[in-house]
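Every chain is numbered from 1, with letters handed out A, B, ... down the list of sequences. FYI, side chains are in, hydrogens and waters are out, and symmetry mates aren't considered; it's all heavy atoms of this structure.
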2 protein chains.
Amino acid sequence: MSEDVDLVVADLADSAFRVAGLLRANFHATAAELGLPPAQAMALANLSAPAPMRELADWLKCDASNVTGIVDGLERRGLVKRRPDPEDRRVKHLVLTEEGERKRALLRKGSHAHAVTLFDLPEKDLLRLRDLLKRVADAGVGIDVASGCK
Amino acid sequence: MSEDVDLVVADLADSAFRVAGLLRANFHATAAELGLPPAQAMALANLSAPAPMRELADWLKCDASNVTGIVDGLERRGLVKRRPDPEDRRVKHLVLTEEGERKRALLRKGSHAHAVTLFDLPEKDLLRLRDLLKRVADAGVGIDVASGCK
DNA sequence: TATTGTTATACTCTATAACTATA
DNA sequence: TATAGTTATAGAGTATAACAATA
């Protein structure tokens with residue numbers, strides 16, 4: 001007899017939430033140590049290269065109007081600068097300052113160290129877990145939210 | 001040659017975040033359809049039986065002072081009632097109304113339907129993923145946040 | 001003294017809508 | 001007309017500190 005799929009899925013969703021919660025809690029704690037609110041930290045972590053503000057809104061999956069405030073905070077802290085695009089004068093590119101680069105590196109270092117400790121599995125299991133979870137994550141982008149239909 | 005563990009872990013953390021993000025986005029959307037803000041929905045989902053407000057604060061991992069506002073919202077919507085504990089008159093138990101039970105069921109039904117669609121894997125993989133993720137989640141509770149040390 | 005729940009306060013996050021300046 | 005970014009506004013989530021009632 002096979003296990004009840006509903007139960008397995010419920011278990012799975014619970015574990016996924018818990019694991020992500022642990023990752024997020026650590027990210028927030030690391031951010032707090034660096035004096036950064038969560039959203040600003042998330043923005044900073046995503047700024048691998050100069051990018052228009054619009055792009056940041058897409059990354060953070062939030063309305064463009066929020067980005068203004070988040071970037072205001074990062075600019076107030078001296079971590080990014082707004083640089084107007086000479087080609088299209090509506091666009092402003094976000095450029096990290098030296099201090100911004102430094103904090104970004106610390107932020108990523110902290111997250112990664114925690115992840116390594118968290119995903120403490122034998123290599124075979126680690127690879128298996130990565131493959132399975134990636135399949136779910138990749139397939140999931142095509143699923144309509146709150147409808148359950150593809 | 002084995003793959004670089006750092007890369008695998010980074011990939012894994014990314015997938016875990018994405019999967020949890022999908023689950024959460026769906027939960028919020030389902031909550032919104034029921035006219036519930038996220039925190040109130042989360043509280044409602046956790047109220048399987050009458051519980052003291054303090055317990056809810058632990059579940060939600062937030063300060064007790066927040067719970068007052070969240071429960072105010074649920075009470076305003078007629079979904080829960082505060083019932084004083086006769087044994088310890090400091091304590092108030094949260095009891096779902098009939099409408100509260102109804103919305104709670106709908107909320108859980110929506111989440112679960114989405115999870116079933118999301119975790120659309122052959123049974124063998126499904127069980128494997130559940131086991132691996134559960135191991136990580138269970139082990140993770142013992143890890144200090146933002147320090148990476150056990 | 002310690003704990004439960006409340007209030008007051010402040011900061012942050014988020015979406016909507018109306019606006020500007022460009023394209 | 002459409003797009004990038006801003007402003008104003010309002011609702012929501014969160015933590016801190018001080019407090020009342022009770023244990």
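Rounding to whole angstrom units, CG of residue B:Leu60 and P of D:dA15 are separated by 10 Å. One can place CZ of A:Arg24 at 14 Å from P of C:dC13, the figure rounded to the nearest angstrom. Taking atom CD on A:Gln40 and atom P on C:dT12, their separation rounds to 7 Å, with Å as the unit. Across the protein-nucleic acid pair, B:Glu55 atom CD and C:dT3 atom P stand 16 Å apart, rounded to whole Å. Following rounding to the nearest Å, A:Met53 (CE) and C:dA21 (P) show an atom-to-atom distance of 17 Å. If you take NZ of A:Lys92 and P of D:dG5, they are 8 Å apart, rounded to a whole angstrom. Atom pair B:Leu74:CG and D:dA12:P shows a separation of 12 Å (rounding to whole Å applied). B:Arg54 places its CZ atom 18 Å from the P atom of D:dA23, with the value rounded to the nearest Å.
A:Arg54 has a carboxylate O that lies under 4.0 Å from a charged side-chain N of A:Asp58, or vice versa, which qualifies the two as a salt bridge. We find that A:Asp85 and A:Arg90 are not joined by a salt bridge, their nearest charged nitrogen and carboxylate oxygen being 4.0 Å or further apart. A salt bridge links A:Arg82 and A:Asp72; the closest N-O separation between the charged side-chain nitrogens and carboxylate oxygens is under 4.0 Å.
Where A:Glu87 and A:Ile70 each meet DNA chain C at their nearest nucleotide, the meeting point lying more 5' is that of A:Ile70. Nearest-nucleotide positions on DNA chain D for A:Asp72 and A:Val91 put A:Val91 closer to the 5' end. Projected onto DNA chain C by closest heavy-atom contact, A:Arg90 and A:Pro38 fall at different nucleotides, the more 5' of which corresponds to A:Pro38.
For A:Lys61 and C:dT14, the shortest distance from a side-chain N or O to OP1 or OP2 is not below 4.0 Å. Taking 4.0 angstrom as the limit, A:Arg83 places none of its side-chain polar atoms (N or O) nearer than this to OP1 or OP2 of D:dG5.
For the atom pair CG of A:Leu129 and NZ of A:Lys124, the computed distance is 14.0 Å after rounding to the nearest 0.5 Å. The line from CZ of A:Arg77 to CD of A:Glu99 is 11.5 Å long, rounded to the nearest 0.5 Å.
For A:Arg108, there are no salt bridge (Lys or Arg N to Asp or Glu O under 4.0 Å) partners, not counting sequence neighbours.
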Close N or O pairs between protein and nucleotides 16-19 of chain C (under 3.5 Å):
{"unit_1": "C:dT16", "atom_1": "O4", "unit_2": "A:Ser65", "atom_2": "OG", "d": "2.7"}

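Counting only heavy atoms from C-beta on, A:Ala39 has its side chain closest to C:dC13 among C:dC13, D:dA23, D:dT6. Closest to the side chain of B:Pro52, from the set C:dT14, C:dG5, D:dA12, is C:dG5.
Legend: salt bridge (charged side-chain N to carboxylate O under 4.0 Å, His left out) pairs involving residues 36-49 of chain A, not counting sequence neighbours: none detected.
Side-chain atoms of A:Arg89 and base atoms of C:dT22 include no donor and acceptor less than 3.5 Å apart.
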